[in-house]
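Computed from a prediction, not measured in an experiment: that's the story for all the values here. Below, all heavy atoms of this structure are taken into account, side chains as well, without hydrogens, waters or symmetry copies.
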Amino acid sequence: MPRKLTVTTERRTQLVDITQQVRDAVEGDGAEGSAVLVYVPHTTAGVTINEHADPAVARDFEAALERMVGDEWGWQHVEEGEENAPSHIRAALMGPQVLVPLDGGRLALGTWQGIFFCELDGPRERSVHVSVLR
């Protein structure tokens, strides 16, 4: 059965390290399986795996996403109060899910790897679904 995590963000673009929350959801239940699917059910958010030892990596990602897909472009998807077209494009670049192998019931992440929730249209309260695959 999927576990639902809640992530609260503080900025429009923000990467939040959710590694420990995912680990707690999986390892706390003694789950057995071959992998864990971490899925974000939002069109203006994503999830990725990258280095989490240095918080500057997340800040660099935030800046890079904003520079690669600029707010000032001539967007066609413009709704009053929801000027978030760039957030949809940024989310597509990050992707809505990651798959992490399990090794003896533990996340098989590399030494420096962490799982990041990618907020691209915040600040908001968001959901992340964590499912152990058999």
Side-chain angles (χ1 to χ4, degrees):
M1 180 168 203
R3 298 282 306 266
K4 182 178 171 184
L5 308 178
T6 301
V7 178
T8 303
T9 59
E10 301 169 352
R11 298 187 303 277
R12 179 164 186 224
T13 303
Q14 181 179 3
L15 267 69
V16 179
D17 187 346
I18 60 169
T19 310
Q20 191 59 52
Q21 292 145 289
V22 172
R23 187 173 278 127
D24 291 346
V26 173
E27 297 174 7
D29 285 347
E32 293 184 21
S34 60
V36 174
L37 177 66
V38 181
Y39 173 75
V40 176
H42 305 287
T43 60
T44 58
V47 65
T48 192
I49 295 175
N50 214 291
E51 179 184 329
H52 74 146
D54 182 356
V57 173
R59 302 304 159 271
D60 288 342
F61 256 96
E62 295 166 7
L65 287 166
E66 289 176 351
R67 287 186 184 121
M68 286 189 298
V69 182
D71 289 332
E72 70 284 351
W73 296 1
W75 299 103
Q76 294 182 36
H77 170 67
V78 179
E79 299 173 25
E80 187 69 31
E82 288 289 325
E83 295 83 11
N84 63 1
S87 300
H88 290 284
I89 306 303
R90 293 170 187 154
L93 293 172
M94 299 310 291
Q97 79 271 328
V98 294
L99 189 63
V100 182
L102 285 175
D103 183 10
R106 299 182 57 96
L107 296 175
L109 290 169
T111 302
W112 308 110
Q113 288 183 318
I115 304 167
F116 289 90
F117 173 81
C118 307
E119 174 62 75
L120 304 164
D121 193 27
R124 294 184 187 222
E125 185 173 281
R126 302 286 201 152
S127 299
V128 177
H129 298 279
V130 178
S131 299
V132 175
L133 306 178
R134 308 274 177 230

**Item:** Qualifying salt bridge (Lys or Arg N to Asp or Glu O under 4.0 Å) pairs with a residue from residues 92-102, counting only residues at least two apart or across chains
**Value:** none
**Message:** Can you pull out every salt bridge (Lys or Arg N to Asp or Glu O under 4.0 Å) where at least one residue sits in residues 111-126? Sequence neighbours excluded, please.
**Reply:** Glu82-Arg124, Glu119-Arg126, Asp121-Arg124
If I take atom [atom1] from residue [X] and atom [atom2] from residue [Y], how far apart are they, to the nearest 0.5 angstrom?
| X | Y | atom1 | atom2 | answer |
| --- | --- | --- | --- | --- |
| Thr44 | Arg12 | OG1 | CZ | 9.5 Å |
| Leu120 | Thr43 | CG | OG1 | 10.0 Å |
| Glu66 | Thr13 | CD | OG1 | 3.5 Å |
| Phe117 | Leu5 | CZ | CG | 10.5 Å |
| Asp54 | Trp112 | CG | CH2 | 10.5 Å |
| Glu51 | Phe116 | CD | CZ | 8.0 Å |

**Complete:** ring-ring contact (aromatic ring centres under 6.0 Å, His included) filter on His88, not counting sequence neighbours, yields His77
**Item:** Hydrophobic cluster identity match, Ile49 and Ile18, side-chain contacts under 4.5 Å
**Value:** yes
**Message:** Grouping I, L, V, M, F, W and Y whenever their side-chain heavy atoms are under 4.5 Å apart, do Tyr39 and Val132 come out in a common cluster?
**Reply:** no
**Message:** Looking at Arg67, I want to see if its CZ is surrounded by more than 12 non-hydrogen atoms of other residues, nucleotides or ligands under 6.0 Å.
**Reply:** no
**Asked** Would you say His129's side chain and Lys4's backbone share a donor-acceptor pair under 3.5 angstrom?
**Response** no
**Prompt:** For Val7, which of Val128, Val40, Val47 qualifies under side chain to side chain contact (heavy atoms under 4.5 Å, CB included)?
**Reply:** Val128
**Message:** Among residues at least two apart in sequence or on other chains, which ones pass salt bridge (Lys or Arg N to Asp or Glu O under 4.0 Å) with Glu62?
**Reply:** Arg11, Arg59
**Complete:** Contacts of Thr19 meeting side-chain hydrogen bond (donor to acceptor under 3.5 Å, both in side chains) (sequence neighbours excluded), chain-then-number -> Asp17
Would you list the atom pairs, donor with acceptor, under 3.5 Å between side chains in residues 90-105 and any protein atom, with sequence neighbours excluded?
from  : atom 1 : to    : atom 2 : distance (Å)
Arg90 : NE     : Leu65 : O      : 3.3
Arg90 : NE     : Val69 : O      : 3.1
Arg90 : NH2    : Val69 : O      : 2.4
Arg90 : NH2    : Asp71 : OD1    : 3.1

**Request:** Indicate the atoms forming the closest heavy-atom contact of Pro2 with Ser131, along with that distance.
**Result:** CB-OG, 3.4 Å
**Message:** Could you go through Leu109 and Ile115, starting from their C-alpha distance and side-chain angles, then the distance that decides it, and tell me whether this counts as side-chain contact (heavy atoms from CB on, under 4.5 Å)?
**Reply:** CA-CA 9 Å; Leu109 290 169; Ile115 304 167; 4.2 Å; yes
